[in-house]
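Below: the structure, in structure tokens.
Throughout, protein chains are lettered first and strands after them, A, B, ... in sequence-line order, and every chain is numbered starting at 1. Atoms considered below: every heavy atom in the structure, side chains included; atoms not considered: hydrogens, waters and symmetry mates.
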Amino acid sequence: MFALADCNNFYASCERVFNPSLEKKAVVVLSNNDGCVIARSNEAKALNIAMGVPVYQIKDIVKKHQVAVFSTNFTLYGDMSNRVMNTLAEFVPDMEIYSIDEAFLSLDGFEHYNLEAYAEKITKTVRKNTGIPLSLGIAPTKTLAKAANKTAKKSGKFYCILNDEESITNALKKLDIEDVWGIGRRYAAFLRKHNILTAYDFTCQPESWIRKHMTVMGQRLLKELKGIPCYTLENDIPAKKNICTARSFGKMIGDVEQLQEAVASFAARCAEKLRRQKSCAAAIMVFLHTNFHRKDLPQYARSIVVPLPHATNYTPELIKYAIYGLTKIFKEGYAYKKAGVIMVEIIPSNSVQGNLFYPVADEKTKAVMDVVDDLNAKYGRDKVRILAQGYSKAWKMHQEKLSPCYSTRLSDIPHVY
DNA sequence: TCTGGGGTCCTAGGACCC
DNA sequence: TCTGGGGTCCTAGGACCC
């Protein structure tokens, strides 16, 4: 049996933990640049604020109902996530952290437990230890555990257990096809066209038909919904095959030097991510584009892959090639809205192939990066940086409604009177 | 005025190898 | 008339996840 633990309205709930005046109030959290709504409390959902809606389109609702609006505070959410995961880890022998607010728990060996009581104990303990409300879905496969979790949330309960044919069938009959894990917008529309409206309808289809139209992924989905596991718990996090840092700018940028500073900063951030997973990249991709939403302005979008002489995670070298790529694709006369850097062809740093005609980074460069990473970990991001990253940050994001880092910064710790 | 960021997997088709 | 069998690698495109 698997349990899927999923924090309810996670980002909105994080904002509430240290700000109890937000209890029972509508709370929304915005994407980077304060652009779109990416998290909503139940009260905000009840006001029909849709997921992903640009915030300027709902400003009347926000004003009328005094919705509390926050910029994303990933420092806070990341720390709260760790607290939740640490608490969950105390209850089971094995778990897979699936996302910032979700984990699959293995319930092997718990067959003779009273699962209801145990589920209740888990959710109550997480709430007590962290302040975060959590739902548990328990079932024989990961996909069914996901479905059970949805069912729990819909019923207003903190857990739902699907462990026999009757409970599974009943739940799947009430589960809309687009709410099934693995069914996105495209497949949902396709299936609806064929009058497959619920998860249960899906399980009634012939396997060959599903395989034909939805590839092997659909076939696995079908088996999982029928209680035959196709996915197991994945414990060790595999190294990333691509590493991307990209941002929409707070304002549009036409100046190549400002773009260079942005791209240098993205490359530096990617280099840090590479070093953290002990990898090197053998090529980097740089892209930029104008604001697609501004039909009144000339549009331009391009990307380029720059192969490196040898794989590296040395920040100055990655910045050099990133800027080289940028100058290749930059065109004068456009107002740019977004740029990004992606590390591709990633390999483990202990298996870098040398280049006969180009000196490979030596031990010294590795030592320098270790020191820089240590200093920045201790004293704050970019405390030591490459000059090319600049100081102006003309491209910086809007973050007007940022909450304090209550749990990670001494000066932000709440006061109690 | 204003519209996010960061990933994965699968398939088909083309080019190539012996 | 009739034209093999068994592979790999790469890319683009399409789908999905949080």
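Residue-level contact check: A:Lys338 touches the backbone only, with heavy atoms under 4.0 Å from sugar-phosphate atoms and none from bases. A:Asn33 comes within contact range of no nucleotide atom at all, as no heavy-atom separation falls under 4.0 Å. Contacts of A:Asp101 with the nucleic acid, taken as non-hydrogen atoms under 4.0 Å apart, involve only primed sugar atoms and P, OP1 or OP2. Note on A:Lys146: only backbone sugar-phosphate atoms sit closer than 4.0 angstrom, heavy atoms only; bases stay farther off. Counting non-hydrogen atoms under 4.0 angstrom, A:Ile100 reaches nothing in the nucleic acid. Contacts of A:Thr245 with the nucleic acid, taken as non-hydrogen atoms under 4.0 Å apart, involve only primed sugar atoms and P, OP1 or OP2. Heavy atoms of A:Gln57 sit nowhere under 4.0 angstrom from any nucleic acid atom. At the heavy-atom level, A:Arg220 lies under 4.0 Å from the strands shown only through sugar-phosphate atoms. Using a 4.0 Å heavy-atom criterion, one finds that A:Phe292 contacts no nucleic acid atom at all. Among the heavy atoms of the strands lying under 4.0 Å from A:Ile243 are primed sugar atoms or P, OP1, OP2 only; no base atom is included.
For the pair A:Met217 and A:Phe74, both in contact range of DNA chain B, the more 5′-proximal nearest nucleotide belongs to A:Phe74. Sequence order on DNA chain B of the closest nucleotides to A:Asn32 and A:Thr215 puts A:Asn32 first from the 5' end.
Rounding to the nearest 0.5 Å places CG of A:Leu326 at 11.5 Å from CD of A:Glu261.
Chain A approaches DNA chain C over the interval C:dA15 to C:dC18, counting the first and last nucleotide 5' to 3' with an atom under 4.0 Å from its heavy atoms.
Side-chain N/O atoms of A:Lys174 and A:Asn170 include no donor and acceptor closer than 3.5 Å. Using modelled atom types and a 3.5 Å distance limit, the side chains of A:Asp79 and A:Ser407 yield a donor-acceptor pair. A:Ser71 and A:Asp34 form a side-chain donor-acceptor contact under 3.5 Å, judged by distance and modelled atom types alone. A donor-acceptor contact closer than 3.5 angstrom links the side chains of A:Ser403 and A:Asn73. For A:Glu96 and A:Tyr231, the side-chain atoms include no donor-acceptor pair closer than 3.5 Å.
A donor-acceptor pair under 3.5 Å is absent between the side-chain atoms of A:Lys338 and the main chain of A:Asn291, judged by distance alone.
Computed from C1' positions of five pairs at each end, the angle between the two local axes of the helix from B:dG5-C:dC18 to B:dC18-C:dG5 equals 10°, rounded to 10 degrees.
Checked against the 6.0 Å centroid threshold, A:Trp181 and A:Tyr98 count as a close aromatic pair.
Relative orientation of the A:Tyr406 and A:Phe18 rings is parallel, given thresholds of 30° and 60° on the angle between their planes.
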